[in-house]
Amino acid sequence: MTPLYLLTTIVFTYAAVFTVYYFIFSLAGLVGTRARAGDGRQRIGRFAVLIPVYKEDAVIVATVKNALEQNYPASKYIVVVAFEGLKPDTVDQLRQLPIQCVELTGGKNSKAIALQKSLDKVEDADYVLVLDADNLMDKNCLHHLNKALQNGYVAVQGHRVAKNTNNNLAMLDGISEEINNHIFRRGHRALSFSSALIGSGMAFDMSYFKTIINGITNIWEDRELEMRILLDGQKIEFVEDAFIYDEKVDNQRVLFNQRGKWFCGQFVYAFKNVLLLPRALLRGKVDVVNKIVQGFAPPLSIFLVLLSSLSIFGIATGNNQRWVLLGIIFLLAVLMALPYRRFKFKILKACVQLPMSLIVLVVAFFGSVFKMQTHYHTPHYHKSVSMKNLV
């Protein structure tokens with residue numbers, strides 16, 4: 001067996017495993033989320049809506065005002081903003097609103113630390129909802145989250161959708177998020193695996209959240225929270241109807257920096273979590289095993305480039321039909337996950353941006369391996385939802 005043949009076999013096996021992985025969960029996503037517990041008369045739980053903020057003057061006031069306009073009893077939720085780097089005028093506007101404000105100092109704060117300090121302002125709450133500074137909630141969002149939490153889940157992920165479609169890149173980013181929702185949240189729940197967390201629009205039982213957030217200081221708090229929940233044997237629910245509008249990237253440079261940070265987080269936790277694999281296998285923790293395997297899955301954008309290139313090479317050379325087969329299976333997985341109902345003809349329009357975006361993502365992917373980019377703040381400036389037709 002030559003070294004080249006061995007390398008080719010390893011690469012093909014890796015690609016085949018994750019092609020099948022994506023296909024199975026994409027197919028499951030067509031079925032939808034699995035049946036939940038009965039939804040009899042629900043108690044109205046009290047929420048603490050926590051919004052960590054760093055230099056988000058352009059959007060934070062609009063976000064807070066939106067959070068205060070829920071179709072949910074005003075006495076049953078409180079909004080807490082933990083901020084750093086805001087202009088004095090923005091801070092004055094926030095302090096005039098019926099919310100709690102926490103000013104962060106010291107210069108070494110992370111989102112996780114901001115969340116921990118926010119909890120000090122909450123005297124009485126059943127649940128906590130984490131939002132990013134750019135997130136806008138559908139007016140019935142808290143009702144849907146409350147229903148899922150009342151059904152016994154200690155952690156739930158809301159349905160994040162695009163807030164803006166001002167250009168093709170933003171639409172492409174929104175489509176990408178819906179594909180991930182289909183595979184990693186809807187598809188996973190259909191097969192009784194836990195939903196993946198996203199970092200915002202996620203809600204928790206308050207007492208449980210205080211336990212699992214304790215001690216987290218890094219910038220990938222959602223990955224740390226997710227693994228702690230799964231190790232604890234709890235399920236993470238996906239709440240399809242709890243819509244949270246999230247600003248999508250509409251600039252190539254921002255896309256490069258943001259995805260570089262995300263890819264770096266995936267690498268760090270993939271190798272950190274793999275040490276948990278023997279214990280997870282021995283204890284039959286299938287959710288933990290799945291999450292560890294998922295950590296080594298190539299990002300969909302990178303996988304698309306890899307399989308497309310190898311499939312084209314196979315067609316051009318008249319051999320390696322196996323790569324063509326993998327390319328077809330992966331393409332079917334993507335086609336099943338496309339959000340036709342939400343984006344309709346905009347999917348074709350957004351594809352104009354696909355080639356350049358894939359180049360940016362590939363560069364960001366390999367750049368994150370060597371640069372290990374960790375600290376990057378994604379700027380936001382869209383104050384309102386421009387895609388109400390999505391829901």
Side-chain angles (χ1 to χ4, degrees), residues 17-34 36 130 132 148 153 155-162 172-204 220-231 234-244 246 248 258-259 261-270 273 280 285-304 329-343 361 365:
V17 167
F18 286 109
T19 296
V20 173
Y21 182 92
Y22 283 130
F23 182 85
I24 290 174
F25 284 111
S26 186
L27 182 62
L30 295 176
V31 178
T33 52
R34 71 179 186 84
R36 295 168 177 75
V130 178
D132 281 343
Y153 295 100
V156 301
Q157 175 61 58
H159 188 168
R160 269 193 1 191
V161 294
L172 194 63
D173 196 15
I175 292 167
S176 174
E177 175 135 81
E178 277 297 87
I179 291 174
N180 285 328
N181 282 333
H182 181 98
I183 295 174
F184 297 109
R185 282 164 272 283
R186 190 180 302 114
H188 272 63
R189 292 303 294 130
L191 296 180
S192 294
F193 288 92
S194 281
S195 163
L197 294 178
I198 315 177
S200 69
M202 50 187 187
F204 308 87
W220 299 298
E221 76 293 328
D222 55 331
R223 294 182 181 274
E224 187 71 36
L225 286 170
E226 192 172 53
M227 185 52 71
R228 291 186 178 191
I229 294 167
L230 300 183
L231 285 171
Q234 300 287 347
K235 289 287 183 184
I236 303 171
E237 176 65 302
F238 175 51
V239 188
E240 185 89 32
D241 298 327
F243 291 102
I244 299 96
D246 180 73
K248 298 295 105 185
Q258 183 196 69
R259 294 308 202 266
K261 175 183 172 182
W262 290 2
F263 294 152
C264 182
Q266 180 175 343
F267 294 142
V268 169
Y269 273 85
N273 292 337
K285 292 184 177 293
V286 293
D287 261 326
V288 176
V289 174
N290 174 64
K291 184 54 60 176
I292 293 171
V293 172
Q294 192 182 108
F296 289 93
L300 284 166
S301 55
I302 306 304
F303 208 26
L304 178 61
I329 295 173
F330 180 72
L331 179 60
L332 289 174
V334 173
L335 290 175
M336 287 188 292
L338 283 174
Y340 301 104
R341 183 174 66 86
R342 299 184 184 284
F343 284 86
L361 291 171
F365 177 78

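FYI, side chains are in, hydrogens and waters are out, and symmetry mates aren't considered; it's all heavy atoms of this structure.
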Worksheet entry | E177 vs H159, side-chain hydrogen bond (donor to acceptor under 3.5 Å, both in side chains): CA-CA, chis, key distance, verdict | CA-CA 10 Å; E177 175 135 81; H159 188 168; over 6 Å; no
Worksheet entry | Donor-acceptor side-chain pairing of Q294 and Y21 below 3.5 angstrom | yes
Worksheet item: Nearest heavy-atom pair of L197 and R185: which atoms, and what distance?
Response: O-NH1, 4.0 Å
Discussion item. Let's go through M227 and Y269 carefully: what are the C-alpha distance in whole Å and the side-chain angles of both, what is the deciding distance for side-chain contact (heavy atoms from CB on, under 4.5 Å) to 0.1 Å, and is it a yes or a no?
Written reply: CA-CA 10 Å; M227 185 52 71; Y269 273 85; 5.9 Å; no
Worksheet item: Does V161 offer a backbone N or O that forms a donor-acceptor pair with the side chain of K248 under 3.5 Å?
Response: no
Fill in: Closest heavy-atom pair and its distance - R189, I236
CD-O, 3.3 Å
Worksheet item: Once the angle between the rings of F330 and Y22 is folded into 0 to 90°, is it parallel (under 30°), tilted (30 to 60°) or perpendicular (over 60°)?
Response: perpendicular
Worksheet item: Hey, is the main chain of L230 close enough, under 3.5 Å, to the side chain of D287 for a donor-acceptor pair?
Response: no
Worksheet item: Which heavy atom of A155 sits nearest a heavy atom of I229, and at what distance?
Response: CB-CD1, 3.7 Å
Worksheet entry | Close side-chain approach of V20 to I329, heavy-atom, < 4.5 Å | no
Worksheet entry | Ring-ring centroid check F18 F296, cutoff 6.0 Å | no
Worksheet entry | L191 CG to L27 CG distance, which is reported to the nearest 0.5 Å | 8.5 Å
Discussion item. I need the minimum non-hydrogen distance between V156 and A148, along with the two atoms involved.
Written reply: CG1-CB, 3.9 Å
Discussion item. Please verify the inter-ring angle class for H188 with F193; under 30° counts as parallel, over 60° as perpendicular, anything in between as tilted.
Written reply: perpendicular
Worksheet item: Does the pair L225 and M202 meet the rule for a side-chain contact (heavy atoms from CB on, under 4.5 Å), with working shown?
Response: CA-CA 11 Å; L225 286 170; M202 50 187 187; 4.1 Å; yes
Worksheet item: For the residue pair H182 and G29, what are the closest heavy atoms and their distance?
Response: CE1-C, 3.3 Å
Discussion item. Is there a side-chain hydrogen bond (donor to acceptor under 3.5 Å, both in side chains) between Y153 and Q234? Walk through the geometry before answering.
Written reply: CA-CA 8 Å; Y153 295 100; Q234 300 287 347; over 6 Å; no
Worksheet item: Going by heavy atoms in the side chains, are R186 and F25 under 4.5 Å from each other?
Response: no
Worksheet item: Heavy-atom distance under 4.5 Å between the side chains of S200 and R160, does that happen here?
Response: yes
Item to complete: Could you walk me through whether E178 and I175 pass side-chain contact (heavy atoms from CB on, under 4.5 Å), step by step?
Response: CA-CA 5 Å; E178 277 297 87; I175 292 167; 5.8 Å; no
Response to the item:
Tightest non-hydrogen contact, residues Q157 and I198, listed as OE1-N, 3.0 Å
Item to complete: Check the pair L304, V334 against side-chain contact (heavy atoms from CB on, under 4.5 Å), reporting the backbone distance first and the verdict last.
Response: CA-CA 9 Å; L304 178 61; V334 173; 5.5 Å; no
